[in-house]
Participant: 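Once you've had a glance at the structure underneath, I'll fire off some questions.
Keep in mind that the numbers below use all heavy atoms, side chains included, and drop hydrogens, waters and symmetry copies.
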There are 2 protein chains.
Amino acid sequence: MDDAGRADRREMHEASLLLRRILTLNDEVEKQLAEELDVNPTDFDAMQHLIQSGPLSPSEIAARLGITTAAATMAVDRLVKVGHVTRQPHPSDRRRLLVVPREESVRRAMARLLPMIGETDALLSRYTDAEQAAITDYLARTVQILQRTLGRDGA
Amino acid sequence: MDDAGRADRREMHEASLLLRRILTLNDEVEKQLAEELDVNPTDFDAMQHLIQSGPLSPSEIAARLGITTAAATMAVDRLVKVGHVTRQPHPSDRRRLLVVPREESVRRAMARLLPMIGETDALLSRYTDAEQAAITDYLARTVQILQRTLGRDGA
DNA sequence: AGCATATTGTTAAGTTCCTTAGCTATCAAG
DNA sequence: CTTGATAGCTAAGGAACTTAACAATATGCT
């Protein structure tokens, strides 16, 4: 090892490096959008789930974000305060409640993300069916590798 | 809009959904590895840079992580305490110092990540040159889209 | 039905990690 | 050698998380 403890990347494919770049860039995009919506990373994460899945209970939000229900309560407090969500009673269970995203907030987030989503999606059309199949297969197998890595806890 | 404010994803390509899945899975893998190394997310992020780039100064770490130098000082304190890095004087500037990752810690992290990196990289070999070109092109253009999205601050 | 147990959301106290502000030591330039 | 910039650190304050304990409601057992 003659390069002083630096990880060796000379054997990595161009595609692997690009995928890493995508991962870091996505973090930056999310961070920027969170700032635009005046919420912290956690609250933005919650908003993403609410936008994608519709109204959720605080406990469901806690589970999805990997935080405690106490933290979820505080996150919802903050989102209510800035007007991004409202608390509504659950129709059949009076213990529960539903956190409902405000339509205006959903629109603002979507307006910002739709161009990216649209471009990403339109991108596929540039390729032949065979190429698209290869791309999809590559991504699917990458998902499998990540899931396998998650399963292999080193402990 | 008859599905109660839920984002519409019926028009998204399979590949786009897989890419999103990769993004969330990667977060989970990083979180798990951080726990295995007994460090918080920030310190793990710092370790990633140290592993990939070799010794760095605290200010460089601060810049890369998007935190203040004060926070970087405290992060290095924590990493020193658990033995993942050492502080060494800069050879030519006595104000500076170099944060050097311990070889043992680098090995532990790499032992965990190398299988994934290797598999990800080997994955490419499954495809023909034309398919590989398509995959690389797709990823490169996705990077461009993300960079463009970053540029478009909605404010 | 009635009572024990579980679940949902909340609050309170304590911890961790960040920021801002200010400081010291060192370097670079005149 | 003095002035200004830079690197890293400390201290105080704030934001967001955790654990623990609680009230209200639901569920299940006998």
Side-chain angles (χ1 to χ4, degrees), chain A residues 27-28 30-32 34-50 53-82 84-101, chain B residues 27-28 30-32 34-50 53-82 84-101:
Chain A
D27 284 345
E28 291 176 37
E30 290 193 356
K31 189 176 168 187
Q32 190 182 71
E35 285 173 11
E36 282 175 31
L37 294 178
D38 293 309
V39 296
N40 66 36
T42 299
D43 298 357
F44 176 72
D45 202 355
M47 281 303 292
Q48 277 192 309
H49 283 277
L50 289 168
S53 307
L56 299 172
S57 68
S59 48
E60 174 67 21
I61 291 174
R64 293 192 184 203
L65 269 54
I67 59 180
T68 61
T69 60
T73 293
M74 295 184 289
V76 173
D77 281 345
R78 292 189 295 266
L79 287 172
V80 168
K81 186 179 287 184
V82 295
H84 284 322
V85 305
T86 58
R87 276 187 240 244
Q88 292 186 6
H90 189 283
S92 67
D93 188 337
R94 274 187 294 182
R95 290 171 307 178
R96 295 191 203 178
L97 56 87
L98 286 177
V99 179
V100 182
Chain B
D27 284 346
E28 291 177 36
E30 289 193 355
K31 189 176 168 187
Q32 190 182 70
E35 285 173 10
E36 283 175 29
L37 295 177
D38 293 309
V39 296
N40 66 39
T42 299
D43 300 357
F44 177 72
D45 203 354
M47 282 302 294
Q48 277 193 308
H49 283 278
L50 290 168
S53 306
L56 299 172
S57 68
S59 48
E60 173 68 21
I61 291 174
R64 294 193 185 201
L65 269 53
I67 60 180
T68 61
T69 60
T73 294
M74 294 185 289
V76 173
D77 282 345
R78 293 188 296 265
L79 288 172
V80 168
K81 185 180 285 185
V82 296
H84 284 322
V85 304
T86 58
R87 276 188 241 244
Q88 292 185 5
H90 191 283
S92 67
D93 187 337
R94 274 186 295 182
R95 290 170 307 179
R96 295 191 202 178
L97 56 86
L98 286 177
V99 179
V100 183

Participant: When we call it a touch if two heavy atoms are under 4.0 Å apart, what does A:Ala70 touch: a base, just sugar-phosphate, or nothing?
Facilitator: base

Participant: Whether the side chain of B:His84 engages the backbone of B:Leu37 through a donor-acceptor N/O pair (distance < 3.5 Å, no angle test) should be reported.
Facilitator: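 Pair found, side chain donor or acceptor close to backbone of B:Leu37.
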
Participant: Relative to the 5' end of DNA chain D, which residue comes earlier, A:Asn40 or A:Arg94, by the nucleotide with the nearest heavy atom?
Facilitator: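 In this pair, the answer is A:Asn40.
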
Participant: Nearest of D:dT10, D:dA7, C:dA12 to any side-chain atom of B:Ser59?
Facilitator: D:dA7

Participant: Say whether A:Arg78 and A:Thr42, considering side chains only, have a donor N or O and an acceptor N or O under 3.5 Å apart.
Facilitator: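 Not at all, the side chains of A:Arg78 and A:Thr42 share no donor-acceptor pair under 3.5 Å.
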
Participant: Begin from the C-alpha positions of B:Glu35 and B:Lys31 and carry the test salt bridge (Lys or Arg N to Asp or Glu O under 4.0 Å) through to its verdict.
Facilitator: CA-CA 6 Å; B:Glu35 285 173 10; B:Lys31 189 176 168 187; 5.1 Å; no

Participant: Rounded to whole Å, how long is the line connecting atom CG of A:Leu79 with atom P of D:dA16?
Facilitator: 11 Å

Participant: Send over the distance from A:Lys81 NZ to D:dA16 C1', rounded to a whole Å.
Facilitator: 13 Å

Participant: Can you figure out which of C:dG9, C:dT7, D:dC17 approaches the side chain of A:Arg95 most closely?
Facilitator: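 Nucleotide nearest to A:Arg95's side chain: C:dT7.
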
Participant: Within less than 4.0 Å of OP1 or OP2 of D:dC9, is there a side-chain N or O belonging to B:Arg96?
Facilitator: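 Checking B:Arg96 against D:dC9: no side-chain N or O falls below 4.0 Å of OP1 or OP2.
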
Participant: Nearest to the side chain of A:Met74, heavy atoms from C-beta on, is which of D:dT18, C:dC27, C:dA21?
Facilitator: D:dT18

Participant: So if I take every side-chain heavy atom of A:Thr73 and compare against C:dT20, C:dC18, C:dT10, which nucleotide ends up nearest?
Facilitator: C:dT10

Participant: From the set D:dC9, C:dG9, D:dT18, return the single nucleotide nearest to any side-chain atom of A:Leu97.
Facilitator: C:dG9

Participant: Go through C:dT11, D:dT18, D:dT10 for me and flag the one nearest to the A:Ala71 side chain.
Facilitator: D:dT18

Participant: Between D:dC17 atom C1' and B:Lys31 atom NZ, what is the distance in whole Å?
Facilitator: 12 Å

Participant: Step by step, work out the side-chain contact (heavy atoms from CB on, under 4.5 Å) result for B:Gln48 and B:Asp45.
Facilitator: CA-CA 5 Å; B:Gln48 277 193 308; B:Asp45 203 354; 3.9 Å; yes

Participant: In this structure, how many angstroms lie between the P atom of D:dG14 and the CD1 atom of B:Ile67, rounded?
Facilitator: 21 Å

Participant: Measuring to OP1 and OP2 of C:dC18, would you say a side-chain N or O of B:Thr42 lies under 4.0 angstrom away?
Facilitator: yes

Participant: For the residue pair A:Ser53 and A:Glu60, establish whether any side-chain heavy-atom pair is separated by less than 4.5 Å.
Facilitator: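 Counting from C-beta outward, A:Ser53 and A:Glu60 never come under 4.5 Å.
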
Participant: Provide, to the nearest angstrom, the distance between the CZ atom belonging to B:Phe44 and the P atom belonging to C:dT16.
Facilitator: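 Distance check: B:Phe44 CZ to C:dT16 P gives 21 Å.
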
Participant: Rounded to the nearest Å, what distance is computed from the CZ atom of residue B:Arg87 to the P atom of nucleotide D:dA7?
Facilitator: 16 Å

Participant: Rounded to the Å, how far apart are B:Asp93 CG and D:dA5 C1'?
Facilitator: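 Going from B:Asp93 (CG) to D:dA5 (C1'), I get 12 Å.
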
Participant: If you find the nucleotide of DNA chain D closest to B:Leu98 and the one closest to A:Asp43, which residue's nucleotide is nearer the 5' end?
Facilitator: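 This one resolves to B:Leu98.
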
Participant: What is the distance, to the nearest angstrom, from the CG atom on B:Leu65 to the P atom on D:dG8?
Facilitator: 14 Å

